[in-house]
Amino acid sequence: MDQVRLFALGGLDEDGKNMYVVEVGESIFVIEAGLKYPESSDQLGIEMIIPDFQYLIENQKRIQGIFISHAHDDVMAALPNLLKHIKAPVYATPLTALLIEEMLKKEGVRDVRVHRIKRNGSFKLGKTTIRTFGMTQSIADGCGFAIDTPQGAVVYTSEFIVDYDISNEAFSCSITALAEIGKRGVLALLTESVGADREGHSAPHHRITEIVEPTFETAPGRILITTYHQNLYRIIEIIELANKYNRKVVFYDDELRAMLKAVEKMGYYRMPVGLEIAKNKFHNDLKEVVIIVSGSGDQVFKRMHKVALGEDSLLKLAEEDTVIIASPIVPGTELEATNMENELYKEGVRVRTLDRRKVYSMHASREDLKLMLYLFKPRYYMPIKGEYRQLVSNANIALNMGFHADKILVLDNGQIAKFEDGVLKSTADQLTLEDVMIDGNENLDVSGMVLRDREILSTDGAIIIGIVVNHRTKEVIGGPDVQSRGVIYLKDADHIVKEIGSIMERTIEEAVREKRYENASARMEAKERIVKYVLKETGKRPMILPAIVEINVTE
């Protein structure tokens, strides 16, 4: 019987960067390829963090497919980075597949087959059957995966809630389909943990209609509302409320409007006719309007912050405006959210922030997770997607339902669970993983050298010393020129600047006199001497950047 191996390349003990690997014999099945946003101040200039793909690159010939459960950044936004390194087919439901294709096109990734699959169905890759089942998520077309193995299915639910009142088929969940998979036999169940410490079901606490409806009814002027553009469920709620109270809708974010067009094209939802005001027809004198300001990650807070500062070219706040902050703060967005809210209060507009204790994100709470355990009846349970305390909370749910501790796997990223004959044999093997940090569109040195340099620049500044020497004789013929940025004010420290230049000049002359001059080593020696001198004089350790330019001089 083929050995089954399960492990995560991201998503354990963290919020985001989800990527899970199922190995059946020699075949590799990859589930998700997501990012997370930087959370700390020592990650200066980092736009996003993605999983370490090295294992997949080394074993790419064994990869049968990459499965993406839904169109959220935390599960699909690292896909272009992965597909720049490997060639593998991608499988996703129609809306997710369309958004993936647009994302790959934008990133210049070509020659990738994106296969459209049904939310509730099955398909085969080689000898392995993959079953899909629809799950209720905050975006349409979400699904989970069950990968059949000789030892039983490995089931991945992705994020979900259980809502018996869902009428839109694109958001629905088929309890019968889940139970059917459970009857066939489940080796391991992988479920999310973000909401594992919340009592009860997430529904109906995920809905905002009843909470914000009074504002729609009584607001004297415009309503500006922030939301993540991938939270389609919440956006539909806002549109329906606007329609009910005869308020026109303006979409600030072009990316959201493009997604809604795709949703309309697929028949998942249709905007009420005549409700929208096109962005190019909008002007700030309009009164009975709802302006949806959306984005991903901290982008939504940055956009509204810009509006609050009066720096936006489209939107200008007025005193009678009401701002509803319906985008919950997620890790990595706290600072931008606080700055935005603070500036909004300064502008004197009405600000309404949804209470996260009353309005839940669309992640499974305890009773939702219990239902999955009842329906799938797995032999092993693996909490995923969440910080460590959330993984433990999820594990405790299974413990309280009678699962033995040796049947519950709380793992680290890279830790491999091996199964043989339906029994867990080992979790001892560990892949060595590094976070891959993305600055714009380029990968940073994962050793962290770039980040350390940025931290030095942000705290102690930089000093650049340039000098010109004769290429043949090594005689100093120009400079030294000293430039200080963020260290000392040059006019107040003329003696320091002169001494820095002198140190540079003396270092070169000594090396030439002792017949050991070499450009790189002379720069390094000068740097060490200048660091010591500046530390003694200023108490700072700025970045020292010496440059020796050698030029040919005609006699």
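The first residue of the sequence shown is numbered 1, and numbering continues consecutively from there.
Using modelled atom types and a 3.5 Å distance limit, the side chains of E32 and S69 yield a donor-acceptor pair. Side-chain contact annotation: Y269 with N168, donor-acceptor N/O pair under 3.5 Å absent. If you check the side chains of R352 and T215, you find a donor sitting under 3.5 Å from an acceptor. Donor-acceptor pairing under 3.5 Å is recorded for the side chains of Y37 and D73.
The side-chain heavy atoms of V24 and F419, taken from C-beta on, include no pair separated by under 4.5 Å. Contact of the Y233 side chain with the I139 side chain is not registered, since no non-hydrogen atoms from C-beta on lie closer than 4.5 Å. Between T191 and E159, the closest side-chain pair of non-hydrogen atoms is not below 4.5 Å.
Closest of all the heavy-atom pairs between I397 and A196 is CD1-O, 3.8 Å.
Salt-bridge annotation for R366 and D197: absent, with no side-chain N of the basic residue lying under 4.0 Å from a carboxylate O of the acidic one. The existence of a salt bridge linking D2 and K127 is excluded, since no basic side-chain nitrogen approaches an acidic carboxylate oxygen closer than 4.0 Å. With salt bridges taken as basic N to acidic carboxylate O contacts below 4.0 Å, one links E367 and K370. Ion pair D15/K385 not flagged as a salt bridge, since none of the NZ, NE, NH1 or NH2 atoms sits closer than 4.0 Å to an Asp/Glu carboxylate oxygen. We find that D74 and K17 are not joined by a salt bridge, their nearest charged nitrogen and carboxylate oxygen being 4.0 Å or further apart. A salt bridge does not link E102 to K105: none of the charged side-chain nitrogens sits closer than 4.0 Å to a carboxylate oxygen. With respect to E14 and K36, a salt bridge is recorded, a charged nitrogen being found less than 4.0 Å from a carboxylate O.
Distance alone, capped at 3.5 Å, is enough to place a donor-acceptor pair between the R303 side chain and the S294 backbone. With H70 contributing its side chain and Q137 its backbone, the two residues share no donor-acceptor pair below 3.5 Å. A donor-acceptor pair under 3.5 Å is absent between the side-chain atoms of S426 and the main chain of K418, judged by distance alone.
With sequence neighbours excluded, the residues forming a side-chain contact (heavy atoms from CB on, under 4.5 Å) with S174 are N120, T176, A177, listed by chain and number.
T226 pairs in a side chain to side chain contact (heavy atoms under 4.5 Å, CB included) with only one of the listed residues (I325, I292, I324), which is I325.
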Q. Passes side-chain contact (heavy atoms from CB on, under 4.5 Å), C143 versus M135? Steps please.
A. CA-CA 5 Å; C143 71; M135 297 298 279; 5.7 Å; no
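Within the structure, side-chain hydrogen bond (donor to acceptor under 3.5 Å, both in side chains) pairs that include any residue of residues 49-63 comprise R5-Y55, E23-Y55, E23-R62, Q54-E58, N59-R62 (at least two apart or interchain).
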